[in-house]
Enquirer: 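Supplied in structure tokens, the structure appears directly below.
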Amino acid sequence: MLDSVRSRLTLWYSGFFGVFLILLAALTYFLYWRTTLQRLDSNVLELSDAYLTTFNSELKDPQESNTIRAAARVAMVEHRYRDIVYVLVDDQGRVIFSSLELPAVAGDPGTLTSQIFASEEFQQLARAAGKERSGFFRKVPGGKNGFRGYARSLISGENYASIVILQSLHPQHEMMEAIRRAFYWIIPVALVLASAGGYFLARKSLAPVAIMASQARGMGAAHMSERLQIANPHDELGTLALSFNELLDRLEKSFEQQRRFVADASHELRTPVAILRGETEVTLSRPDRTPEEYRETLAILRDESQRLAHIIEDLFTLTRADAGQYPLNLRALYLDELVADVLRRTRSLAISKNVTLTSSIQPELPLQADEDLLPRMLLNLLDNAIKYTPAGGNVSVDCQREGNAYVLRVVDTGPGIPPDLQPRVFERFFHADEARSRSEGDTGGAGLGLSIALWIAEAHRGRLELTRSDASGTTFTACLPVLGKSSSD
Ligand code: ADP
């Protein structure tokens, strides 16, 4: 049961609420008791003032017998209340006279008298009054719930006397008892109601999660286009569902790319394999082949297997790059030297195709780059330029520093790429001319060369763009940031 979030939420909530209620009840109880006591004390004070006034006027009245005892008695009678006991004490704290000796008020005066006056607390109070420590409050046991006692001197000098006023705490205790009893049922009832409400709320709030979970469970690779329904896109759960749907969008796109990649890759691999098989079968179909015929077949097999190896290597590079498993091995080198080296390697291809290869390279271009990858980028661009430029055409390479970047341009005088296809040149397996690039004996790759070149440029924090392509030719431009600049740069 505790496995469900709503039960745990309810438990936590009820626990906290319970503790809060108990603390609140205890605080309320304590504050109420304190205020009651304060009110009681101020009542007793007022009473003592009134008592003193009566006592003094009685003592001074010439018509009365005006002894202290008589005056105290008259004042007691005048200010006689059900829950109040007056006690007249002498300077030693001995009881001279108490209101309990007056005609009965309540209770049994005999037991009360012995209970109250015998207590240590009363003795302290009486003695304190005797030492003229007026305004002294203290709790005195007696009766059912005890008394609040207050001592005050009445008369000083030789006939010293003080009055102790005892106010019964019984009504207050009864009221506090009633409050306590109310708390005993209010707290559990409030807790049960709050827990039920909390459980209901948690259930209601988490219901969409359960629906989302069951929807998500029904999805699979085969049903990638399905999406979670979003009741309210602005609340937390709506945001969660939205993020989940966005994740599904990305996953679907990546699944689709992967599917297309695998389909295109197998398609590209099928052509050279079919040629290999066809050539071998044709050659083997007749036993009486001349050595020249075998040689010719073997040359075709060599070329096709070379092409196959090339495609496989490109595929491997791209999959590793996609998986982020192609670490760049950056080294300090000179771009001008690197370009010159690639030009040397492609010169024979240009000559064989009767294409003029020219270059303009600014010297001293230091750069941090991967020694294997960067030449590969340039090689792919140059290879394409020479490949697609007809005999008699011209391919030029231009390399120089412009501001904070090295700019490398490969310009050819080939037929260009149709404008509608230009935005797709960097797509994987893209061929502007399907027939041309797949014809037998064609040296064209699988349409991965530019994708790899773009990845290499971006891996070096640079860019690769098709900056011009029309009937007069094509220009690819790579920009590489000048890294590790010295202050003299
Ligand atoms: P491939 O390995 O087939 O050359 P690329 O990715 O290098 O693949 O090029 C993709 C396509 O872009 C090529 O098939 C070609 O149609 C077109 N292309 C690339 N470079 C040039 C260029 N310099 N001139 C004309 N077309 C080009």
Side-chain angles (χ1 to χ4, degrees), residues 257 260-261 263-272 275 303-319 321-322 342-343 345-346 349-350 353-359 373-398 408-459 463-478:
Q257 273 174 356
R260 228 180 52 214
F261 186 75
D264 288 344
S266 11
H267 185 77
E268 291 298 329
L269 292 172
R270 222 169 25 216
T271 315
I275 296 172
D303 291 348
E304 284 308 315
S305 50
Q306 255 173 17
R307 189 173 158 200
L308 205 54
H310 188 68
I311 294 173
I312 290 170
E313 198 195 327
D314 281 357
L315 282 173
F316 190 52
T317 304
L318 276 176
T319 36
D322 284 349
V342 174
L343 279 169
R345 281 152 65 188
T346 43
L349 179 68
K353 278 213 66 188
N354 197 16
V355 169
T356 319
L357 191 57
T358 55
S359 62
L373 287 178
L374 205 58
R376 195 160 160 197
M377 178 190 83
L378 183 58
L379 209 58
N380 285 358
L381 295 177
L382 258 178
D383 193 51
N384 278 348
I386 296 171
K387 200 159 60 182
Y388 298 114
T389 300
N394 182 48
V395 170
S396 67
V397 176
D398 181 74
L408 188 74
R409 290 189 188 85
V410 178
V411 187
D412 66 51
T413 56
I417 303 161
D420 55 323
L421 297 179
Q422 286 176 16
R424 296 182 47 207
V425 281
F426 292 107
E427 280 178 18
R428 291 171 184 189
F429 304 105
F430 170 76
H431 304 276
D433 181 346
E434 287 287 308
R436 181 185 64 195
S437 44
R438 309 244 171 143
S439 62
E440 203 174 306
D442 175 43
T443 49
L448 296 172
L450 284 178
S451 314
I452 291 176
L454 177 69
W455 166 69
I456 294 173
E458 286 175 349
R463 293 193 320 269
L464 175 62
E465 286 162 3
L466 170 65
T467 39
R468 177 190 67 107
S469 191
D470 51 34
S472 66
T474 301
T475 304
F476 279 97
T477 307

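For ligands, and for the atoms within them, numbers begin at 1 and follow the listed sequence.
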Enquirer: Under 4.0 Å, heavy-atom basis, I'd like to know which part of Tyr388 is in contact with ligand 1: side chain, backbone, both or neither.
Expert: side chain

Enquirer: What I want to know is whether Gly447 and ligand 1 share at least one N or O pair that is separated by under 3.5 angstrom.
Expert: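 Between Gly447 and ligand 1 (N or O atoms, distance only) the closest approach is under 3.5 Å.
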
Enquirer: Any sub-3.5 Å donor-acceptor pair from Asn380's side-chain atoms to Gly449's backbone N or O?
Expert: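 Present.
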
Enquirer: Do you know which two heavy atoms are closest between Gly393 and Thr413, and how far apart they sit?
Expert: CA-OG1, 3.4 Å

Enquirer: Can you check whether Leu450 has an N/O within less than 3.5 Å of an N/O in ligand 1?
Expert: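 N/O-N/O distance under 3.5 Å: yes.
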
Enquirer: Measure the shortest side-chain to side-chain distance between Val355 and Asp412 over non-hydrogen atoms and say whether it is less than 4.5 angstrom.
Expert: no

Enquirer: Using side-chain heavy atoms (C-beta onward) and a distance below 4.5 Å, is Glu268 in contact with His431?
Expert: yes

Enquirer: Using distance alone, decide if ligand 1 has a nitrogen or oxygen within less than 3.5 Å of any nitrogen or oxygen in Ser451.
Expert: no

Enquirer: Looking at Asn384, which atoms of ligand 1 are within less than 4.0 Å of one of its heavy atoms?
Expert: 4 (O), 5 (P), 7 (O), 9 (O), 19 (C), 20 (N)

Enquirer: Leu454 versus Phe476: any side-chain heavy-atom pair under 4.5 Å?
Expert: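 The answer is no, as the side chains (C-beta and beyond) never meet within the 4.5 Å cut-off.
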
Enquirer: Using a 4.0 Å cutoff against the non-hydrogen atoms of Lys387, which atoms of ligand 1 qualify?
Expert: 4 (O)

Enquirer: So if I count the atoms of ligand 1 from 1 in the order they appear, which ones are less than 4.0 Å from some heavy atom of Phe476?
Expert: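 Selected atoms, number and element: 20 (N).
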
Enquirer: Return yes or no for this condition: an N or O of Gly449 is under 3.5 Å from an N or O of ligand 1.
Expert: yes

Enquirer: With sequence neighbours left out, write down each residue that passes salt bridge (Lys or Arg N to Asp or Glu O under 4.0 Å) with Glu427, or none if nothing qualifies.
Expert: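 Once residues adjacent in sequence are excluded, the partners of Glu427 under the salt bridge (Lys or Arg N to Asp or Glu O under 4.0 Å) criterion are Arg424.
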
Enquirer: Working note: His267 + Arg270, criterion side-chain hydrogen bond (donor to acceptor under 3.5 Å, both in side chains); need CA distance, chi angles, decisive distance, verdict.
Expert: CA-CA 5 Å; His267 185 77; Arg270 222 169 25 216; 3.3 Å; yes

Enquirer: Would one find an N or O of Ala432, backbone or side chain, under 3.5 Å from an N or O of ligand 1?
Expert: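 Between Ala432 and ligand 1, an N or O pair is found under 3.5 Å apart.
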
Enquirer: Does Leu382 reach the side chain of Arg345, with side-chain heavy atoms less than 4.5 Å apart?
Expert: no

Enquirer: Any heavy atom of Gly414 closer to ligand 1 than 4.0 angstrom?
Expert: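 Distance cut 4.0 Å: Gly414 fails for ligand 1.
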
Enquirer: Could you pull out all residues at least two apart from Thr317 that satisfy side-chain contact (heavy atoms from CB on, under 4.5 Å)?
Expert: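 So Thr317 forms a side-chain contact (heavy atoms from CB on, under 4.5 Å) with Tyr326, Arg376, Ile452, Trp455.
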
Enquirer: Applying a 4.0 Å heavy-atom criterion (strictly less than), which segment of Thr474 is in contact with ligand 1: side chain, backbone, both, or neither?
Expert: side chain

Enquirer: Which bit of Leu448 gets closer than 4.0 Å to ligand 1, counting heavy atoms only: side chain, backbone, both or neither?
Expert: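 Backbone only.
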
Enquirer: Which of the atoms of ligand 1 are close to Ile417, meaning less than 4.0 Å from one of its heavy atoms?
Expert: 18 (N), 25 (C), 26 (N), 27 (C)

Enquirer: Any heavy atom of Arg428 closer to ligand 1 than 4.0 angstrom?
Expert: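 Outside the 4.0 Å threshold, so no.
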
